[in-house]
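Shown next, in structure tokens, is the structure this report addresses.
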Protein chains: 2
Amino acid sequence: MAGSNITLKQLSSILGVSISTISKALNDSHEISDATKKRIVEMAKLHNYQPNKIAVGLKSGKTNTIAVVIPSVQNSFFARALYGIESLISETNFNIIVCLTKESHAKEVETFNMLSNGVVDGFIVAVCEETQNLQNYDHFTNAMANGKSVVMFDRVIDSVNCGKVTTNDFSALSEATQALIGSDRKHIVLLSTIHKLNVGKLRTQGYIKAMEAAGFSPTILESDDQHAGAVMTEYLNTNSVDAIIALDTDASLAALKAVKTNNKQIPKDVAVIGYVSERMAHNLTPELTTINQHSYTIGNAAASMIVEAIRTKSKDMNQVVISSTLSVRDSS
Amino acid sequence: MAGSNITLKQLSSILGVSISTISKALNDSHEISDATKKRIVEMAKLHNYQPNKIAVGLKSGKTNTIAVVIPSVQNSFFARALYGIESLISETNFNIIVCLTKESHAKEVETFNMLSNGVVDGFIVAVCEETQNLQNYDHFTNAMANGKSVVMFDRVIDSVNCGKVTTNDFSALSEATQALIGSDRKHIVLLSTIHKLNVGKLRTQGYIKAMEAAGFSPTILESDDQHAGAVMTEYLNTNSVDAIIALDTDASLAALKAVKTNNKQIPKDVAVIGYVSERMAHNLTPELTTINQHSYTIGNAAASMIVEAIRTKSKDMNQVVISSTLSVRDSS
DNA sequence: CTGAAAGCGCTTACAG
DNA sequence: CTGAAAGCGCTTACAG
């Protein structure tokens, strides 16, 4: 154990047995007699032999490694989805490499190019904002042309023929809006910091559809993370509002704060529905009604889809929808 | 591009030049003439040649990959530290593999064993709770004996001789406590959901020291994540409290909520100091005074330390302390 | 300036 | 049942 792991070659000279025999014995091949198997396995254990994964990978062309390419991990949705992915993968003999794109197309492309050749067997990806805007998807199709499996989750590109795990963003927002309308809210405002993303657009459309169906005119406030609170506050100062739907964690906290500083009661004067983790929802005042995306389940589904795809080398990828549900708490 | 990446061998038969020459040309060796270099590089580009990292790794014994082994990513400290690690690493030619231990010693050991042989060049680790309790550190020392570099951050084991990045947990809590005492708070309660971790113990000791120095008796409420709110509320019902220090995000939100539901004003009746991300602190009502751990900087420092260690193969590892600072906002 | 050969650590037909 | 040989895709002394 002085400096580096023992190899089959070293084991071979210790035992006076050929490298092939040792390899077979350690892989429990039926070709080897029980007696020698026993000797070899014992000696391997004694020296804490660990097969060199890199060599195995080179030989087999499989690395048992999956890349998870996501924009960020500071967002509770991705953090929890990653947890779901990792939980399933760690039950298999695969490993995961996590790469954060920070919404940069260049970084996403580089990641795919770097890992496509020999490093990973497949990719789980939530497509970054810039890629969605540029509509340049060559890195995905190239990886697939090179025999890698690809599964997209949440941030999905319809025109790329890969596995997909999505949520029902459109109808979840319709339903949430309808629920507010059903409890007599009329001036329902949508606060979005993710209007540039496809998921944001889908959610917005779901809201618009429900509003128009009820004969109300939609009001959409768009802002970046930093200014959501200010934008909301300003709107509250000059308009009557009796409900807010916020499309991510930042917007949700900002909405709660804006209503409170405006001296309105939640939910009496203004109902609030947001997107935050369950744990956080319980610790807010009042406890926040949320659209629950089941991020853990989404991650789990994406992971099981890619493992399946790699194992079966199947080409026809399927599409799974994990429905979001409305968790009604005290804020609505 | 039909099925899998092109190799040097294929390039060799296309160009009618030996594999060695191609390898040298692509690595810009001075041995090769500019003319052939040009030809080779152009053809490689045309066929989108990407060197097989696995083969390079096997040959060189270096993989340019670093494992980041952390308990979780659902905690804003680790999420942001990971962001700091990733940001620095992505500027280098290293990659990171992220492994989540979920506080399980077995998982941590397995991760180190799996990756120690050939897969990674080094480890950045925040030691899991169970390992701290069991005090079994063989997986760390074995990895180091196998020539891998190890850097611990935040969750650190004093007796293991590796690189370390920590924060001044003890003195940060002393100072926060003193600040509360300085503004005439007398009944200061500590709310902890991390009392089993070394960092939790250090923070608690810092609080105790400051309280005792001022002649006050410390009050420490311990709970798991789920019940912090209930524990805090119960205490508030039967005791007089004029300040709370909460040791992580869950405890911080729970403390705010408990005070509000107890119909006390923040900070007039009860001051609150907590541990949450800056972004979240701004979106809470009132804006929360926090002990800011500079998690991004800690991650960055750990990453730069391991890159340095791997590049120089130096054995004497250093220790860096990133000081936490008190960010005073409206809650105190 | 170019190429043949050895080798990184493994696995697996193929011989014996 | 055991072992010699080839090969995964690369790099790098060593010859020419």
Side-chain angles (χ1 to χ4, degrees), chain A residues 3-41 43-44 47-65 114-121 146-147, chain B residues 3-41 43-44 47-65 114-121 146-147:
Chain A
S4 124
N5 278 319
I6 195 168
T7 66
L8 291 188
K9 198 174 175 184
Q10 293 168 332
L11 234 32
S12 155
S13 73
I14 293 172
L15 286 158
V17 186
S18 79
I19 293 176
S20 350
T21 300
I22 296 181
S23 171
K24 287 172 188 163
L26 294 174
N27 289 315
D28 200 23
S29 160
H30 61 272
E31 293 183 51
I32 307 297
S33 74
D34 287 349
T36 33
K37 249 184 212 172
K38 186 149 177 273
R39 261 183 73 213
I40 292 172
V41 168
M43 190 58 78
H47 288 270
N48 191 24
Y49 171 77
Q50 298 278 355
N52 182 318
K53 293 274 169 46
I54 293 291
V56 176
L58 180 58
K59 184 69 184 124
S60 66
K62 291 286 135 209
T63 62
N64 286 326
T65 302
M114 295 251 303
L115 302 180
S116 271
N117 196 357
V119 184
V120 303
D121 296 340
N146 281 336
Chain B
S4 120
N5 278 316
I6 195 168
T7 65
L8 291 188
K9 197 174 174 185
Q10 294 168 332
L11 233 32
S12 156
S13 74
I14 292 173
L15 286 158
V17 186
S18 78
I19 293 176
S20 350
T21 302
I22 296 182
S23 171
K24 287 173 188 162
L26 294 175
N27 288 316
D28 201 22
S29 159
H30 61 271
E31 292 182 53
I32 308 297
S33 74
D34 285 347
T36 34
K37 250 187 212 171
K38 186 146 174 276
R39 261 182 75 214
I40 291 171
V41 168
M43 189 59 78
H47 287 271
N48 192 24
Y49 172 77
Q50 297 278 355
N52 182 316
K53 293 273 170 45
I54 293 292
V56 176
L58 180 59
K59 185 72 184 118
S60 66
K62 291 285 137 209
T63 62
N64 286 326
T65 302
M114 295 250 303
L115 302 179
S116 270
N117 196 357
V119 185
V120 303
D121 296 340
N146 280 336

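Chain letters run A, B, ... following the sequence lines, proteins first, then strands; residues in each count from 1. Computed from a prediction, not measured in an experiment: that's the story for all the values here.
- A/Lys59 has its NZ atom 16 Å from the P atom of D/dA5, to the nearest Å.
- Atom CG of A/Asp28 and atom C1' of C/dT12 are 16 Å apart (whole Å).
- Across D/dT2 and C/dG9, the matching P atoms stand 25 Å from one another, rounded to whole Å.
- Interface remark: the A/Lys24 side chain does form a donor-acceptor pair with the D/dG3 base, using a distance-only criterion of under 3.5 Å.
- Nucleotides of DNA chain C nearest to B/Ser60 and B/His30 differ in position, and the one nearer the 5' end is that of B/His30.
- We find that CG of B/Leu26 is positioned 8 Å from P of D/dT11, with the value rounded to whole Å.
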After noting the C-alpha distance and the side-chain angles of A/Thr21 and A/Ile32, does the key distance pass the side chain to side chain contact (heavy atoms under 4.5 Å, CB included) rule? CA-CA 7 Å; A/Thr21 300; A/Ile32 307 297; 3.8 Å; yes
Could you walk me through whether A/Leu8 and A/Leu26 satisfy the side chain to side chain contact (heavy atoms under 4.5 Å, CB included) test, starting with their C-alpha distance in whole Å, then the side-chain angles of each, then the deciding distance to 0.1 Å, before giving a yes or no? CA-CA 10 Å; A/Leu8 291 188; A/Leu26 294 174; 3.9 Å; yes
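- Across all strands, A/Ile19 comes closer than 4.0 Å to base atoms (heavy-atom distances).
- Rounded to an integer number of Å, the gap from CD of B/Glu31 to C1' of D/dC14 is 10 Å.
- Closest approach to the B/Leu8 side chain among D/dG3, C/dT11, D/dT11 is made by D/dT11 (side chain taken as heavy atoms from C-beta onward).
- With both pairing distances under 3.5 Å, D/dA13 is matched to nothing as a Watson-Crick or G-U wobble pair.
- Contact check for B/Thr7 versus B/Asn52: no side-chain heavy atoms found under the 4.5 Å cut-off.
- When the C1' atom of D/dC10 is taken as reference, atom CG of B/Asn27 falls 9 Å away, rounded to whole Å.
- Taking for each of A/Thr36 and B/Ala55 the nucleotide of DNA chain D with the nearest heavy atom, the 5'-most of the two is the partner of A/Thr36.
- Not one N or O on the side chain of A/Asn146 forms a donor-acceptor pair closer than 3.5 Å with the backbone of A/Ser116.
- Checking D/dG3, D/dT11, D/dC1 against every side-chain atom of A/Ser33, the shortest atom distance belongs to D/dC1.
- Listed candidates were C/dT11, D/dG9, C/dG9. Nearest to the side chain of B/Asn52 is D/dG9.
- The distance from atom CG of B/Leu58 to atom P of D/dC10 is 12 Å, rounded to the nearest whole Å.
- Under the Watson-Crick and G-U wobble criteria, each requiring two contacts below 3.5 Å, nucleotide D/dA4 is left unpaired.
- Not a single donor-acceptor contact under 3.5 angstrom links the side-chain atoms of B/Ser18 to the base of C/dA4.
- Residue B/Tyr49 places at least one side-chain N or O under 4.0 Å from the OP1 or OP2 atom of D/dC10.
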Give the intermediate values and the outcome of side chain to side chain contact (heavy atoms under 4.5 Å, CB included) for residues B/His47 and B/Ile14. CA-CA 11 Å; B/His47 287 271; B/Ile14 292 173; 3.8 Å; yes
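- If you check every strand for non-hydrogen atoms under 4.0 Å, A/Thr7 touches sugar and phosphate atoms only.
- Here, D/dC10 and C/dC1 have their P atoms 25 Å apart, quoted to the whole Å.
- Atom CD1 in B/Ile22 sits about 12 Å away from atom P in C/dA4, given to the nearest Å.
- Residue B/Ser20 is classed as a base contact, given a heavy-atom separation below 4.0 Å to a base.
- Atom NZ of B/Lys53 is separated from atom P of D/dT11 by 11 Å (rounded to the nearest Å).
- Side chain of B/Thr63 to main chain of B/Val119: a donor-acceptor pair is present (N/O by atom type, distance under 3.5 Å, no hydrogens or angles).
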